[in-house]
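A quick write-up on the structure given underneath.
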Amino acid sequence: MKNVAFHNLGCKVNSYEIDVMQQMLQEKGYNIVPFDNFADIYIINTCTVTNIADRKSRQMLHRAKQKNPNAIVVAVGCYVQTGKEAVEQDPSIDLAIGNNRKKDLPMILEAYLKEIEGSAMEDNNCASRCKTLNDTTVIDINSTDEYEEMRLKQTAEHTRAYIKIQDGCNQFCSYCVIPYARGRVRSRRAEDIIAEIKGLVQAGYREVVLTGIHISSYGIDFDGRKDYSGNSKLIDLTEKIHEIEGLDRIRLGSLEPRIITEENAKRLACLPKICPHFHLSLQSGCDETLKRMNRHYTSGEYFQSVELLRKEFDCPAITTDVIVGFPGETDEEFAQTKAFLEKVGFYEMHIFKYSKRAGTRAAVMPEQIADQIKTRRSNELLALERAQSMDFRRRYIGKIVEVLLEEYKEIDGVKYLLGHTKDYVKVAIPASDEAVPNQLVECSITGFLLDDILAAQTAIEFCQQMR
């Protein structure tokens with residue numbers, strides 16, 4: 001029995017895929033061990049979203065080979081897809097598998113093992129051919145319309161499962177290489193998604209998160225559309241998922257603002273299982289910067305989407321991503337972005353300093369911003385983010401909310417059970433015999449335990465205390 005160690009880099013789609021790959025190898029009789037352990041095979045699911053992500057992928061691949069020079073080190077995913085030549089020349093990598101071939105991992109591994117057993121592997125050319133099994137394990141991702149069907153049965157989390165519903169992206173933002181790593185939009189059949197979720201619900205999962213590379217584009221390939229604006233296929237799918245018995249919560253992954261039409265917002269608001277937590281990707285609050293980024297909306301259109309959600313949902317949690325220091329971003333443009341963020345008022349913001357990615361238009365744009373300016377602007381927005389996030393959480397003090405309990409954690413010597421509200425606010429209650437993970441409980445919010453965790457008592461404890 002061979003020991004296999006996995007390591008994941010990157011997004012929630014990668015997390016989903018590595019969970020399935022691990023599940024497939026377990027079913028084939030491989031023994032899964034922690035990545036820090038000595039293993040016969042190391043599998044690294046790579047990321048390539050930035051040059052830094054490329055470097056981290058290489059570092060993990062090299063670390064694996066250092067742990068056991070005789071191990072088979074397998075590079076999988078986006079870094080392989082965009083850097084095939086570098087992968088073939090890297091002596092730390094023994095086998096390379098691109099996107100849309102992850103579902104075939106057990107078969108590819110077996111073929112590789114047979115090939116190296118029957119080959120002396122005496123020259124580098126032979127070694128290079130073996131890495132991709134004669135160019136069969138890395139396909140031309142931009143020329144396929146096949147969705148890579150995988151099915152998840154369990155995850156490391158025991159309450160919430162991420163469900164991949166689509167792959168690929170047609171947007172070609174000027175800073176992003178992902179369309180070249182993941183290909184064009186390819187959507188998963190609704191019946192396969194429903195079957196997977198039903199299996200997970202039977203296994204005890206109470207919440208699902210619909211994820212993908214660009215879920216706002218879900219289903220446009222079914223109709224041959226090129227653009228996601230006003231697309232309702234994601235809403236159609238969500239309504240079908242809502243009918244699954246035993247499922248308590250449905251959370252949507254990152255959305256583009258143009259999918260939030262008045263009709264789509266109303267339809268979502270009619271679904272009690274929908275979590276009022278919406279991540280609307282922004283990147284900049286300045287229209288000129290958005291144009292250079294090749295984003296397909298204006299700040300005004302973005303704000304309209306936010307207002308539609310706030311009209312249909314009571315104080316929904318709106319979260320976003322913001323890039324600072326994009327090429328050409330002047331002090332005035334940054335000020336416009338900051339003013340827009342203050343106007344919207346977010347629950348959480350993920351602030352990123354622009355990082356060049358080779359192969360994108362933005363990487364060769366003039367007026368690249370100095371690192372010290374990026375850092376200053378980032379610090380300003382991080383301070384704003386902390387203030388807005390505290391304000392959003394503070395509104396919960398004194399209220400009774402439903403919390404899905406997830407895990408135990410010790411804080412300052414006290415054992416707590418942590419979970420999330422429907423709008424993804426983290427809450428802690430004192431651990432007790434009555435409360436266990438994967439349980440939905442009514443909690444009374446009493447204050448802040450930490451800046452990012454609210455303190456609470458269960459409703460029963462609160463009532464007992466009030467007597």
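All heavy atoms count here, side chains included; hydrogens, waters and symmetry mates do not.
For the pair Lys164 and Tyr16, the cation-pi criterion (under 6.0 Å, within 45° of the ring axis) is not fulfilled. For Lys343 and Phe303, the positive end sits near the middle of the six-membered ring, less than 6.0 Å away and at most 45° from its axis.
With values rounded to the nearest 0.5 angstrom, Tyr205 atom OH is found 6.5 Å from His158 atom NE2. Annotation: the span from Phe334 atom CZ to Thr289 atom OG1 amounts to 11.0 Å, rounded to 0.5 Å. The CG atom of Asp104 sits 13.0 Å away from atom CD of Glu110, with the distance rounded to the nearest 0.5 Å. Expressed to the nearest 0.5 Å, how far OH of Tyr147 lies from OG of Ser187 amounts to 9.0 Å. The CZ atom of Phe6 sits 10.0 Å away from the CD1 atom of Ile44 when rounded to the nearest 0.5 Å. Note that the OH atom of Tyr42 and the CG atom of Asn3 stand 9.0 Å from one another [nearest 0.5 Å].
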> Would Gln368 and Tyr354 count as a side chain to side chain contact (heavy atoms under 4.5 Å, CB included) if you check the C-alpha gap in whole Å, the side-chain angles of each, and the deciding distance to 0.1 Å?
Replying inline: CA-CA 10 Å; Gln368 297 285 330; Tyr354 169 72; 3.5 Å; yes

> Passes salt bridge (Lys or Arg N to Asp or Glu O under 4.0 Å), Asp192 versus Arg151? Steps please.
Replying inline: CA-CA 8 Å; Asp192 292 329; Arg151 185 165 295 187; 3.6 Å; yes

> How far apart are the C-alpha atoms of Asp135 and Lys84, what are their side-chain angles, what is the distance that settles it, and do they pass the salt bridge (Lys or Arg N to Asp or Glu O under 4.0 Å) test?
Replying inline: CA-CA 10 Å; Asp135 291 327; Lys84 183 182 172 187; 3.0 Å; yes

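Within the 4.5 Å cutoff, the side chain of Leu271 has heavy atoms near those of the Thr238 side chain. At least one side-chain heavy atom of Ser378 sits less than 4.5 Å from a side-chain heavy atom of Val324. Arg376 is not listed as a side-chain neighbour of Gln372, based on a closest heavy-atom distance of 4.5 Å or more. At a threshold of 4.5 Å between non-hydrogen side-chain atoms, the residues Tyr30 and Ile41 count as touching. Asn14 has its side chain within reach of Lys102: a pair of non-hydrogen atoms, C-beta onward, lies under 4.5 Å apart. Between Val185 and Gln166, some side-chain heavy-atom pair lies under the 4.5 Å cut-off.
The backbone N or O of Asn231 lies less than 3.5 Å from a partner atom in the side chain of Asn264, making a donor-acceptor pair. Under the 3.5 Å distance criterion, the side-chain polar atoms of Glu88 are left unmatched by any main-chain donor or acceptor of Glu85. Lys426 contributes no side-chain N or O that, together with a main-chain N or O of Asp452, makes up a donor-acceptor pair within less than 3.5 Å. Within the 3.5 Å criterion, the main-chain N or O of Ser92 finds a donor-acceptor partner in the side chain of Asp90. For Lys65 (side chain) and Asp94 (main-chain N/O), no donor-acceptor pair under 3.5 Å exists by modelled atom type. Side-chain atoms of Tyr79 do not come within 3.5 Å of backbone N or O of Val87 as any donor-acceptor pair. Looking only at distances, a side-chain donor or acceptor of Lys273 sits under 3.5 Å from a matching main-chain atom of Ile244. In this structure a side-chain-to-backbone donor-acceptor pair under 3.5 Å is missing from Arg361 to Phe172. For Glu256 (side chain) and Ser216 (main-chain N/O), no donor-acceptor pair under 3.5 Å exists by modelled atom type. Of the possible donor and acceptor atoms, one in the side chain of His296 sits under 3.5 Å from a partner among the backbone N and O of Asn294.
Contacts of Phe278 classified as ring pair (Phe, Tyr, Trp, His ring centres under 6.0 Å), with partners at least two apart in sequence or in another chain: Phe313.
Arg295 and Tyr175 form a side-chain donor-acceptor contact under 3.5 Å, judged by distance and modelled atom types alone. Side-chain contact check for Asp19 and Thr155: no donor-acceptor pair (N or O, by modelled atom type) lies under 3.5 Å. Tyr297 and Ser305 share no donor-acceptor pair across their side chains, judged by distance under 3.5 Å alone. A donor-acceptor contact closer than 3.5 angstrom links the side chains of Asp54 and Thr48. Using a 3.5 Å distance cut-off with no hydrogens or angles, the side chains of Ser299 and Asp287 do pair a donor with an acceptor.
Shown here for Ile93 and Ala75, the closest heavy-atom pair between the two residues is CG2-CB, 4.0 Å. Annotation for Ile215 and Leu234: closest pair O-CD2, 3.9 Å, computed over non-hydrogen atoms. Of all heavy-atom pairs between Tyr347 and Ala317, the closest is CD2-CB, 3.6 Å. What you find for Asn8 and Ser15 is that their closest heavy atoms are ND2-OG, 3.3 Å. In terms of heavy atoms, Arg225 sits closest to Ser229 at NH2-O, 3.0 Å.
Residues Glu312 and Lys266 are paired through a salt bridge, judged by an N-O separation under 4.0 Å between the basic side chain and the carboxylate. One finds no salt bridge joining Asp371 and Lys353 here, because no Lys/Arg side-chain nitrogen approaches an Asp/Glu carboxylate oxygen to under 4.0 Å. Remark: Arg182 does not engage Glu148 in a salt bridge, criterion side-chain N to carboxylate O under 4.0 Å. At a threshold of 4.0 Å, the pair Arg377-Glu329 counts as salt-bridged, since one of the basic side-chain nitrogens sits closer than that to a carboxylate oxygen. Classification of Arg188 and Asp167 as a salt-bridged pair fails, no side-chain N sitting under 4.0 Å from a carboxylate O. Checked for salt-bridge contact, Lys311 and Glu262 meet the test: a charged N lies under 4.0 Å from a carboxylate O. A salt bridge is defined here as a Lys NZ or Arg NE, NH1 or NH2 lying under 4.0 Å from an Asp or Glu carboxylate O, and Glu367 with Arg292 fails to meet this definition. Between Arg267 and Asp236, at least one side-chain N (NZ, or NE/NH1/NH2) sits under 4.0 Å from a carboxylate O, which counts as a salt bridge. One finds no salt bridge joining Lys2 and Asp40 here, because no Lys/Arg side-chain nitrogen approaches an Asp/Glu carboxylate oxygen to under 4.0 Å.
Looking at Asp321, Leu255, Ile318 one by one, the single match for side chain to side chain contact (heavy atoms under 4.5 Å, CB included) with His279 turns out to be Asp321. Among Arg101, Arg189, Lys103, Arg186, the single residue meeting the salt bridge (charged side-chain N to carboxylate O under 4.0 Å, His left out) criterion with Glu146 is Lys103.
In this pair, Tyr424 and His277 present their aromatic rings parallel. The plane angle is below 30°, not in the 30 to 60° band.
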